[in-house]
2 protein chains.
Amino acid sequence: MKTKIRVVLADDHPVVRDGLAAMINQQADMEVVAEAGDGEAAITLYEQHRPDVMVLDLRMPKRDGVAVVQRVLEVNPKACILIMTTYDGDEDIFQCLSQGAKGYLLKDAPRQEILSAIRAVSEDRPYTSSTVAAKALQRMAKPSLTQRELDVLQLVAQGRSNKDIARRLSITEGTAKTHVKAILTKLDAISRTEAVAVAHRRGLIHL
Amino acid sequence: MKTKIRVVLADDHPVVRDGLAAMINQQADMEVVAEAGDGEAAITLYEQHRPDVMVLDLRMPKRDGVAVVQRVLEVNPKACILIMTTYDGDEDIFQCLSQGAKGYLLKDAPRQEILSAIRAVSEDRPYTSSTVAAKALQRMAKPSLTQRELDVLQLVAQGRSNKDIARRLSITEGTAKTHVKAILTKLDAISRTEAVAVAHRRGLIHL
DNA sequence: CTCGGCGTCCCCCGGAAGGTAGAGGCCGGG
DNA sequence: CCCGGCCTCTACCTTCCGGGGGACGCCGAG
């Protein structure tokens, strides 16, 4: 038999780590070599162990998944990273995937899917669950917000007025309104409140 | 040795169920007798197995935690239910606790806390993690929304205009505005968008 | 270089939102 | 029984939001 697939886990919930570890160690062809509870530990442990696969939660303390992917791929561009998160429709997913994460899974995936995703990624084959693939296509069609618009959107989501947003971003109220208008158009929303709802659904913002 | 504490798990993530099951079955004094992936199964399995403790996720398909708590306590008012969820600041928690759930935990709790919570609940002692207890006290001080206001809030959160809200609830626009005003006052928000942000933070609404 | 996207700024205007100040009906608890 | 909370409705007024334009400098891709 070949050597086992060495896996590092990163998730802030001990319960989830235990679950994955139990699931993985039960398999003959893979084993967990380390577990991290936050983003920084994840990076450290990756460098220490150089595992074949890293299973990564998107939402973590200290550094989120996106930052970890970025950093790890800087160190080792061939790293095989499997993203695992609770939410679909999350913009962060696409950031991770376009940055080079090899796979993406939802936490509510059945055991079998999780395991085959790990195997796929370990062989450098990309794995993306079909629901996510579908979302990706939808997303392509839709206009994306600029960085500045995301800044504004963030403040809009906090309930700030245009005037308030302008003050915080050191621009005029007129400019703030221009950005808000652009956001409304791109998100196909009638009011700022609806824009927030849509943006949240798409994972453009995290409340 | 006494008979083991018999536990039923209910969570929609296979990974989490595995993690809890592994953690629990490793203990000498407890065992998992059944696992449910949604609310309906949870109810069925409870009635079938009559476990000493039921560990319940708040967010589940088909029936959410609140409904399950209600139903199970109807059948057996002495049922020991431990709520376990990802989010704090969630209004549902208080509904569950006031309906008779015996304990509440966050999913990011360490192993030891989870296990001792199960033991406490199995002996009919209430268990509430300190962070939640603190929130409960804060909540007491704050004004609560009426049912009608929650209805309106739900629509506000979807980005509906006052006129739209009025139409959907079969009331006049003026009345809708009255409700929105009350919401703004109670949530201490300046604009409807801020109200949505606050309400979401407090778990009054789920987007 | 030229074109397009981005960020910044400006105008006008109608309509929606939010603040103020009431008032009547209905129901449950003291 | 009467008080208080809730839901409903009303009118007036100010401010803000959102739709429609147009304009400028900057920068990077073609």
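Residue numbers start from 1 in every chain, and the chains themselves are labelled A, B, ... in the order their sequence lines are given, proteins ahead of strands. Keep in mind the model is a prediction, meaning the values are calculated, not measured.
To the nearest angstrom, C1' of D:dG18 lies 13 Å from CD of A:Glu194. For the pair A:Glu149 CD and C:dG5 C1', the computed distance is 11 Å after rounding to whole Å. Rounded to whole angstrom, the span from the NE2 atom of B:His179 across to the C1' atom of C:dG18 amounts to 16 Å. A:Ile190 places its CD1 atom 13 Å from the C1' atom of D:dC17, with the value rounded to the nearest Å.
Using modelled atom types, one finds no donor on one side chain facing an acceptor on the other under 3.5 Å when comparing A:Asp57 with A:His13.
Between the side chain of A:Thr178 and the base of C:dC9, at least one donor-acceptor pair of N or O atoms lies under 3.5 Å.
The phosphate of C:dC6 (OP1 or OP2) has no side-chain N or O of A:Arg148 nearer than 4.0 angstrom. Phosphate proximity of D:dC17 to A:Asn162: present, with a side-chain N or O under 4.0 Å from OP1 or OP2. Residue B:Lys177 places no side-chain N or O under 4.0 Å from the OP1 or OP2 atom of C:dA17.
A:Thr175 comes within 4.0 angstrom of a base, heavy atoms only.
Here C:dA17 is the nucleotide among C:dC9, D:dG18, C:dA17 with the atom lying nearest to any side-chain atom of B:Ser161.
For the side chain to side chain contact (heavy atoms under 4.5 Å, CB included) criterion with A:Cys96, the lone passing option out of A:Ile81, A:Val66, A:Leu56 is A:Val66. Put simply, the residue from B:Arg202, B:Arg59, B:Lys107 that forms a salt bridge (Lys or Arg N to Asp or Glu O under 4.0 Å) with B:Asp90 is B:Arg59.
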